[in-house]
Amino acid sequence: QDKEKLEIRKLNDPPSAETVWDMIKYARNVIEEFRRAKHYKYILYCLFIGFLDFYTPPSELLEICELSLDKMGAVFEDSNVYMLHMMYQAMGVCLYVQDWEGALRYGQKIIKPYSKHYPSYSLNVASMWLKLGRLRMALENRPAGVKALKRAIAIMEVAHGKDHPYISEIKKELEDH
């Protein structure tokens, strides 16, 4: 599946092997930079000791994601693992700042490639369906939310077993909405 996971955009003038390799190096570097920047938001409690310079606000984290996606998108397809990683990070930042529509947009781009790259009963896929379902419910799209939550449940029942507390919790969510 490596070819699918590292899919290159189909262009009239395909990028050279060197361009692709440079973009892979760029993607790896930006992912590492993002991890470091994201890590520093967790030391916010240290601000009073003078660590303010190390804090990266969520708006800057989202900007890093979006700029990286634009740059990588010139070479990589949206289903490329590097693109998916940055979309997932962008979705996480949107969730953090309670931008539900933004999070939903990223999640919708992620789910199809996740379903292709991961095994049928992957908890990564179930987790994404769960997030999408909850976002759609929060955005008052109950039919789409119910459908997404049911897809998450179907995967989780196989992965965890039908009696798992997570599944009961999600079913209760469905009943309460």
Side-chain angles (χ1 to χ4, degrees), residues 1-10 27 30-31 34-35 37-39 41-42 57-73 75-177:
Q1 281 189 328
D2 285 349
K3 187 176 180 183
E4 290 175 3
K5 290 179 179 180
L6 296 173
E7 195 166 353
I8 305 302
R9 199 165 285 290
K10 287 158 186 61
V30 79
I31 287 168
F34 186 85
R35 282 187 183 135
K38 195 169 102 173
H39 167 74
K41 85 175 185 199
Y42 297 116
S59 60
E60 284 183 33
L61 292 175
L62 189 55
E63 188 176 346
I64 291 170
C65 293
E66 290 171 347
L67 291 171
S68 299
L69 286 166
D70 284 344
K71 184 170 181 167
M72 290 187 295
V75 176
F76 297 149
E77 284 291 343
D78 283 353
S79 61
N80 183 292
V81 291
Y82 296 112
M83 293 288 287
L84 289 170
H85 180 83
M86 289 312 296
M87 283 188 253
Y88 187 82
Q89 297 305 319
M91 182 183 184
V93 174
C94 288
L95 290 170
Y96 181 77
V97 298
Q98 299 180 358
D99 174 6
W100 310 134
E101 288 91 0
L104 182 61
R105 274 192 310 277
Y106 283 112
Q108 289 171 321
K109 287 181 176 183
I110 293 169
I111 192 62
K112 187 175 179 183
Y114 262 37
S115 298
K116 188 169 107 176
H117 292 326
Y118 286 109
S120 301
Y121 297 103
S122 167
L123 291 175
N124 291 319
V125 177
S127 173
M128 187 55 61
W129 279 120
L130 185 60
K131 288 175 186 169
L132 288 172
R134 287 177 172 161
L135 283 166
R136 288 177 172 144
M137 295 293 238
L139 293 168
E140 299 182 15
N141 185 349
R142 181 171 167 63
V146 167
K147 185 176 177 182
L149 290 173
K150 285 183 176 181
R151 290 185 85 164
I153 290 169
I155 294 169
M156 293 172 78
E157 284 180 339
V158 173
H160 288 307
K162 293 182 186 281
D163 298 329
H164 196 279
Y166 288 159
I167 295 165
S168 302
E169 182 181 311
I170 299 165
K171 286 180 177 178
K172 180 144 177 42
E173 271 182 62
L174 284 171
E175 291 170 9
D176 292 346
H177 278 84

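Predicted model only: the values in this text are computed from it and were never measured.
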> Does the side chain of Leu135 come within less than 4.5 Å of Met91's, by heavy atoms?
Replying inline: yes

> Is the closest basic N to carboxylate O distance between Glu66 and Arg105 below 4.0 Å?
Replying inline: no

> Out of curiosity, Leu69 CG to Ile64 CD1, how far, rounded to the nearest 0.5 Å?
Replying inline: 11.5 Å

>> Quick one: does any side-chain atom of Arg136 pair with a main-chain N or O of Pro143 as donor and acceptor, under 3.5 Å?
In response: no

> What is the minimum heavy-atom distance between Leu62 and Cys94, and which atoms define it?
Replying inline: CD1-SG, 4.1 Å

>> Measuring from atom OH of Tyr118 to atom OG of Ser127, what distance do you get when rounded to the nearest 0.5 angstrom?
In response: 10.0 Å

>> Do Met86 and Met72 have side chains that approach each other closer than 4.5 Å (heavy atoms only, starting at C-beta)?
In response: yes

> Roughly how far, to the nearest 0.5 Å, is OH of Tyr106 from CE of Met128?
Replying inline: 13.0 Å

> Would you say the side chain of Ile8 lies within less than 4.5 Å of the side chain of Phe76, judging by non-hydrogen atoms?
Replying inline: yes

> How far does CD of Glu169 sit from NE2 of His164, to the nearest 0.5 angstrom?
Replying inline: 10.0 Å

> So, for Ala103 and Leu95, which heavy atoms are closest and what is the spacing to 0.1 Å?
Replying inline: CB-CD2, 3.7 Å

> Is there a side-chain contact between Leu104 and Lys131 (heavy atoms, below 4.5 Å)?
Replying inline: no

>> Ile111 vs Val125, test: side-chain contact (heavy atoms from CB on, under 4.5 Å). Steps then yes/no.
In response: CA-CA 7 Å; Ile111 192 62; Val125 177; 4.2 Å; yes

>> Let's go through Ile31 and Gln89 carefully: what are the C-alpha distance in whole Å and the side-chain angles of both, what is the deciding distance for side-chain contact (heavy atoms from CB on, under 4.5 Å) to 0.1 Å, and is it a yes or a no?
In response: CA-CA 9 Å; Ile31 287 168; Gln89 297 305 319; over 6 Å; no

> Any side-chain heavy atom of Glu7 within less than 4.5 Å of one from Met83?
Replying inline: no

> What heavy-atom pair brings Ala126 and Ile155 nearest, and what distance separates the two atoms?
Replying inline: CB-CG2, 3.6 Å

> Would you say Asp163 has more than 12 foreign heavy atoms packed within less than 6.0 Å of its CG?
Replying inline: no

>> Can you confirm whether Pro119 sits close enough to Ser122 that some side-chain heavy atom of one is under 4.5 Å from a side-chain heavy atom of the other?
In response: yes

> Looking only at heavy atoms, which two atoms of Ala148 and Leu132 are closest? And how far apart?
Replying inline: CB-C, 4.2 Å

> Minimum heavy-atom separation for Asn124 to Tyr114, with atom names?
Replying inline: O-CD2, 3.9 Å

> Given side chains that start at C-beta, do those of Ile170 and Lys150 come closer than 4.5 Å, heavy atoms only?
Replying inline: no

>> Test side-chain contact (heavy atoms from CB on, under 4.5 Å) on Arg134 and Glu173; report intermediate values, then the result.
In response: CA-CA 9 Å; Arg134 287 177 172 161; Glu173 271 182 62; 2.4 Å; yes

>> Does the plane of the ring in Tyr166 sit parallel, tilted or perpendicular to the ring in His160? Use 30° and 60° as the thresholds.
In response: perpendicular

>> Are the side chains of Met137 and Val146 in contact, using a 4.5 Å heavy-atom criterion?
In response: yes

> Once you round to the nearest 0.5 Å, how far does CD of Glu63 lie from OG of Ser68?
Replying inline: 10.0 Å

> Which atom names give the shortest non-hydrogen contact between Ser79 and Leu84, and what distance separates them?
Replying inline: O-CD1, 3.4 Å

